[in-house]
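If you read the sequence from its start, that first residue is 1, and numbering goes on from there. Only heavy atoms go into these numbers, but all of them, side chains included; no hydrogens, no water, no symmetry mates.
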Amino acid sequence: MKRAALALLGAYVGVMGAFVHRHTWQVQGVEWPWGLLLAIIATYAVALAAERVAPVGGAWFGLGWGIALLAQQFSPGGSYLVASDWLGWSFTIGCLGAIVLVVVRTPRLRQ
């Protein structure tokens, strides 16, 4: 039951990150991608919490996150949330990197 809940949590965080990662803040002509940073940091924090809830919770969280991202990409008409530009690729690679970092490093930190 915990694993299914963590996968659903991963899907939720993935969809919410897809909504928010495109938000920027413009200061003196420079756009700061605060939504992208929020999405990556939130993904890392929730994946870390998921890893502490269950022994392989971060992996189950990542599975749900990945399924949500793939469901958006393979939907009819493509994804309108994650575009194929620098923000979309940074969101995908940054969040996946954060999840991999949690899954790979956390078991070593417990020892």
Side-chain angles (χ1 to χ4, degrees):
M1 194 67 178
K2 281 185 187 179
R3 293 174 181 160
L6 291 174
L8 284 174
L9 180 64
Y12 177 77
V13 170
V15 170
M16 290 299 110
F19 277 118
V20 79
H21 83 276
R22 299 208 62 84
H23 290 274
T24 58
W25 181 36
Q26 192 169 17
V27 177
Q28 296 180 356
V30 178
E31 289 189 4
W32 298 93
W34 67 267
L36 176 65
L37 293 175
L38 178 67
I40 293 172
I41 291 169
T43 300
Y44 177 78
V46 178
L48 191 60
E51 186 68 31
R52 292 183 180 169
V53 169
V56 287
W60 284 98
F61 173 85
L63 178 69
W65 191 94
I67 288 172
L69 187 71
L70 288 175
Q72 294 171 26
Q73 295 298 325
F74 291 120
S75 65
S79 175
Y80 295 104
L81 297 177
V82 183
S84 185
D85 61 354
W86 75 271
L87 274 174
W89 281 106
S90 298
F91 167 69
T92 303
I93 294 170
C95 289
L96 284 176
I99 292 168
V100 167
L101 184 68
V102 167
V103 171
V104 171
R105 272 192 69 118
T106 305
R108 290 185 184 164
L109 294 176
R110 287 186 185 164
Q111 294 177 355

_Rounded to the nearest 0.5 Å, what separates atom CG in L63 from atom CD1 in I67?_
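The CD1 atom of I67 is 4.0 Å from CG of L63, to the nearest 0.5 Å.
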*Residue pairs passing the salt bridge (charged side-chain N to carboxylate O under 4.0 Å, His left out) test where at least one lies in residues 59-72, sequence neighbours excluded*: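 For residues 59-72: none.
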*Sorted by first residue and then second, give each salt bridge (charged side-chain N to carboxylate O under 4.0 Å, His left out) pair with at least one member in residues 85-100; sequence neighbours left out.*
R22-D85
*How would you list all residue pairs meeting ring-ring contact (aromatic ring centres under 6.0 Å, His included) that involve residues 47-70, not counting sequence neighbours?*
W65-F91
Side-chain donor-acceptor pairs under 3.5 Å in residues 27-42, sequence neighbours left out?
none

Anything under 3.5 Å between a donor and an acceptor, one on a side chain of residues 12-21, the other on a protein residue two or more places apart or in another chain? List them.
from, atom 1, to, atom 2, distance (Å)
H21, ND1, G17, O, 3.3
H21, ND1, A18, O, 3.0

_Which Ile, Leu, Val, Met, Phe, Trp or Tyr residues join L8 in one cluster when any pair of side-chain heavy atoms under 4.5 Å counts as a link?_
none
*Please report the closest heavy-atom contact between A54 and L6, naming both atoms and the distance.*
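Between these two residues, the closest heavy atoms are CB-CD1, 3.9 Å.
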*How far apart are the closest heavy atoms of A47 and V102, and which atoms are they?*
O-CG1, 3.6 Å
*Side-chain heavy atoms under 4.5 angstrom apart, residues restricted to Ile, Leu, Val, Met, Phe, Trp, Tyr: same cluster for I93 and L87?*
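No; tracing contacts between hydrophobic side chains, which count when under 4.5 Å, never links both residues.
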